[in-house]
Amino acid sequence: MRRLDPYTRLIEALVEEIARRVGEDELKVLYLLQIPREEHGDVSFPAIRYRRKGVDPERLAAELEEALKSRGIDYASVSVAGPGYINVKLDARRLVEEVSSLYRRTGSALEVPKTKEPLTLVVEHTSANPIHPMHMGHARNMSLGDTLARLLRARGHRVNTRFYVDDVGKQVAVAALGVRILGIDPVEEARRLGVKGDDLVGWIYAVTHLSVDIIKAKHEGNTEKVESLLPYLVDLKDRDPAGYFDRIVNTVWSMEDPEAEISRIMRNYELGREEEKRLIRRMVEAVLEGFRKTLARMRVEFDAWDWESDMVWSSRVGRILEEARRSPYYTVYKGAEALDLPRFIKERLLTDPELAARIKLPRALEVPPLILRRSDGTTLYVTRDMAYTLYKFEVTGADRVYNVIGADQRLSQLQLRLALAALGYVREAVNTIHYDYELVSLPGERMSGRKGVLVKLDDILDGLKNRAAEEVRARNPGASEEWVEETAEKIARAAVRFRLVQVSAPKPIVFDPEKALDLTANSGPYLQYTHARASSILRKLGGINYSVIDPSACSSGKRRRLLVLALRMPLTAAKAADDLAPEILAVYLIGLADLFNSWYQEDSVLHEPDEGAKHCKALLVALVREALARGLELLGIDAPERM
RNA sequence: GGGCCCGUAGCUCAGCCAGGACAGAGCGCUGGCCUCCUAAGCCAGUGGUCGGGGGUUCAAAUCCCCCCGGGCCCGCCA
């Protein structure tokens, strides 16, 4: 096992010693540790909080210093200041020696400390409806989901990522109707036309959907609605990939009852009829082919792809219905089979506040009974989701399942947990965590796949890539076009991923495509640029001569600050993982890059005349470079050596 | 009507869950810095009733209550 860096070792020891002495939870102590103003030290603990419990700061400080020494940590001095703060000051010279020895022995110094309680976790994310290309909302979902998975893995958990293919339900059936009218095989057709499958199907879906809506509005005599929808249809005509437009629109408009046709497709698909199966599976496959390309551009991979239809065909959904019928909370509501959630809440949760809290029941929630099955016999999304949730636990042996899903689905995710608990799956219910994030909107109109109005992730990436490529080309004359393209793609990905992960999940993001092209400060490319600068110094130096390092050269001023800050990377990543908050890492990396760039400007490494100081500074550069590289990797962002 | 989320500098956001030592970044704006390790950078200046009001506490941006503003959700849709 690799040895942790001296800073992480200190903190872990400190936390244990303090926790034992003040009689507090280790986690709580860790959270209470803070980074004080520089003159006070490097780490501090507000012992004042425990004076009621008879904790004497002076004595605690003395004991801590002794305890740390006996654990082999001889580079920390502990003192008391102000109203009762325990301040720990690190001996920077010793830190340099420790880091130097780590690099000499292992070539790296910053390892994320593993959790003491490794769990098996499922992270289900992205799960975009397979009927149109992915947009910025999906980008936020996948950036969060993938980053979460990376963080949790680094922390030592077993993580299984899954994509849920929602191929059952109305929207897919609408798109399928369009495909059937055209009589095409979407996979081959997309290849023939040289377009992405998701783009092709997305267009077909929008045209079909609008045609249905318009004809319906016409029948209802709602001319206002017809007027409002027509412009969208006209817009889609302009983007017709192969003379399909009239065929779809005319056919739909000539149909007796297109909605009944859609319902029939849906029902037959659930029943597993061959014709619908071929039609829909082939169509969804075409979309997924497109998804996989977009996901690859974002460096997102999945361990498993689960098809919603498999939950139905494998009778898992049927089993849920049977269990519901045997449940004491089974009821018939509006003539359909349902679960009496109001009664479940009243009888089980209001009498058990702890369970209510674990299931995250809001205070005075009013929900109607949850319908599990339509009168026509087809199932509802929740019912299938119940089956799928149990499936995720079952096939992975998961302790906990994270569902990365938009905040607009908070209530339905709560209903899912309630329904599972009502059927007796309490463990699964309380360990199904809705990782919710606010949606991404555009400055102007709201995105709508139905109307074909959305800003595609691919287009955003292309725009950023072009912008970045110009820059890269200008800065690297003579570089091969292939390398320029590759690098520009990495920069584009960095810009998108970082932007979407640096804002905490519950805050809405207004995505302005114009502003997104800005690759300067506070961005992913800024971090990459800083990494490239650090790499450049090390490359030009040729190599660090560890034996000449003068540790005292980095023991004050910005060099010292940089040393300590870089060493905080592992614990920062650990906290980001434990708190499920990627933005903690994102914000930290920006701060590290800021300090490095500020130092870079005023204190040259290569031109340092003193050899001992030069190599000490180079060690510092190596440490910062590693912190950036590892941090970026956790965010799914490449750290290029040059750009 | 009910539930949930958001409200910190002109703008975008950290800090709030786990209360503590003068409220932090970036953008913008003003003025400077490339014979010198990548100027996607740096330096200096500018900027805040932490939405408002009560309360708890030795201590509140942080906890509790009320109110205001914005968003989302309350389907035999997904």
Side-chain angles (χ1 to χ4, degrees), chain A residues 24-25 27-32 34 36-37 39-40 44 46 48-49 51 81-85 87 129 131 166 168-172 308 333-338 360-368 371-376 378-382 384-385 406-412 414-415 436 438-439 441 468 471-472 475-476 491 499 502-504 506-510 512 515 518-523 525-530 532-541 579 583-584 586-588 590-591 593-594 597-608 617-618 621 642-643:
Chain A
E24 182 66 271
D25 196 57
L27 199 61
K28 176 86 183 270
V29 172
L30 178 62
Y31 288 141
L32 285 175
Q34 49 194 279
R37 272 190 290 160
E39 61 267 31
H40 294 308
S44 90
I48 182 176
R49 295 169 64 103
R51 84 181 165 182
Y85 284 92
N87 291 324
N129 273 336
I131 42 165
D166 296 317
V168 182
K170 226 168 233 172
Q171 297 188 324
V172 168
E308 189 175 10
Y333 178 69
K334 293 186 185 171
E337 293 187 79
K360 297 190 180 71
L361 181 79
R363 274 184 286 270
L365 183 78
E366 298 166 27
V367 283
I371 294 175
L372 298 178
R373 190 169 180 256
R374 293 193 188 89
S375 329
D376 70 358
T378 56
T379 53
L380 275 102
Y381 184 79
V382 249
R384 302 191 292 266
D385 206 11
D408 54 341
Q409 289 182 51
R410 278 190 188 122
L411 181 61
S412 55
L414 172 66
Q415 285 174 319
D436 54 342
E438 272 297 336
L439 304 184
S441 58
E471 204 74 42
V472 174
R475 285 155 189 270
N476 298 274
I491 294 170
R499 168 103 221 284
Q502 68 168 340
V503 175
S504 69
K507 293 212 181 187
I509 292 181
V510 177
D512 188 334
K515 280 189 186 161
D518 179 20
L519 305 177
T520 55
N522 243 346
S523 72
Y526 168 69
L527 295 176
Q528 291 179 311
Y529 174 72
T530 307
R533 275 183 145 184
S535 303
S536 173
I537 294 174
L538 296 170
R539 188 170 56 239
K540 286 183 176 156
L541 181 68
D579 289 1
E583 73 275 13
I584 291 175
V587 168
Y588 162 81
I590 289 291
D594 286 346
N597 282 317
S598 165
W599 175 64
Y600 175 97
Q601 202 74 22
E602 67 189 39
D603 192 3
S604 176
V605 176
L606 298 184
H607 300 105
E608 168 65 54
K617 282 153 72 173
V621 175
R642 299 168 198 259
M643 65 187 270

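Letters go in sequence order (proteins before strands), and every chain restarts at 1. Treat the numbers as computed from the prediction; the structure is a model and nothing was measured.
- Here A:Val168 lies in heavy-atom contact (under 4.0 Å) with sugar-phosphate atoms only.
- Across all strands, A:Val472 comes closer than 4.0 Å to base atoms (heavy-atom distances).
- Among the heavy atoms of the strands lying under 4.0 Å from A:Leu411 are primed sugar atoms or P, OP1, OP2 only; no base atom is included.
- A:Ser523 comes within 4.0 angstrom of nothing in the nucleic acid, heavy atoms only.
- The side chain of A:Lys360 contributes no N or O atom lying less than 4.0 Å from OP1 or OP2 of B:C4.
- Between A:Lys507 and B:G7 there is a side-chain polar atom (N or O) within less than 4.0 angstrom of OP1 or OP2.
- Close to B:A78, at under 4.0 Å from its OP1 or OP2, lies a side-chain N or O of A:Arg374.
- A sub-4.0 Å separation between OP1 or OP2 of B:G19 and a side-chain N or O of A:Arg49 is present.
- The residue A:Ser412 sits close to a base: some heavy atom pair falls under 4.0 Å.
- Residue-level contact check: A:Lys334 touches the bases, meaning some heavy atom is under 4.0 Å from a base atom.
- No engagement by A:Glu602 is indicated, since no non-hydrogen atom pair under 4.0 Å with the nucleic acid exists.
- In this structure, A:Asp594 reaches the sugar-phosphate backbone alone: every heavy-atom distance under 4.0 Å involves primed, P, OP1 or OP2 atoms, never a base.
- Between A:Arg533 and the phosphate of B:A39, there is a side-chain N or O to OP1/OP2 separation shorter than 4.0 Å.
- Using a 4.0 Å heavy-atom cutoff across all strands shown, A:Val587 reaches sugar-phosphate atoms only and no base atom.
- No contact: A:Arg373 has no heavy atom under 4.0 Å from any strand.
- Enclosure of atom CZ in A:Arg642 is not indicated, since only 12 or fewer non-hydrogen atoms of other residues, nucleotides or ligands lie within 6.0 angstrom.
- By the rule that a glycosidic angle within 90° of 0 means syn, B:C74 does not qualify and counts as anti.
- A donor-acceptor contact under 3.5 Å is formed by the side chain of A:Asn87 with the base of B:A21.
- Of all the heavy atoms in A:Asn87 and A:Ala81, the pair that sits closest is ND2-CB, 3.3 Å.
- Taking 4.0 angstrom as the limit, A:Ser441 places none of its side-chain polar atoms (N or O) nearer than this to OP1 or OP2 of B:G71.
- Put simply, NZ on A:Lys540 is 11 Å from C1' on B:C36, counting in whole angstrom units.
- The phosphate of B:C42 has OP1 or OP2 within less than 4.0 Å of a side-chain N or O from A:Tyr526.
- Each of A:Pro46 and A:Ser504 was assigned the nucleotide of RNA chain B with the nearest heavy atom; the assignment lying further toward the 5' end belongs to A:Ser504.
- At a threshold of 4.0 angstrom between heavy atoms, the contacts of A:Ile491 include nucleobase atoms, whether or not backbone atoms are also involved.
- Between A:Arg499 and B:C13, a side-chain N or O to OP1/OP2 separation shorter than 4.0 Å is absent.
- A:Leu380 comes within contact range of the sugar-phosphate backbone alone, with a heavy-atom separation under 4.0 Å but no base atom that close.
- Scanning atom types as modelled, one donor and one acceptor separated by under 3.5 angstrom connect the side chain of A:Asp579 and the base of B:A18.
- Note on A:Ser598: a side-chain N or O is less than 4.0 Å away from OP1 or OP2 of B:C43.
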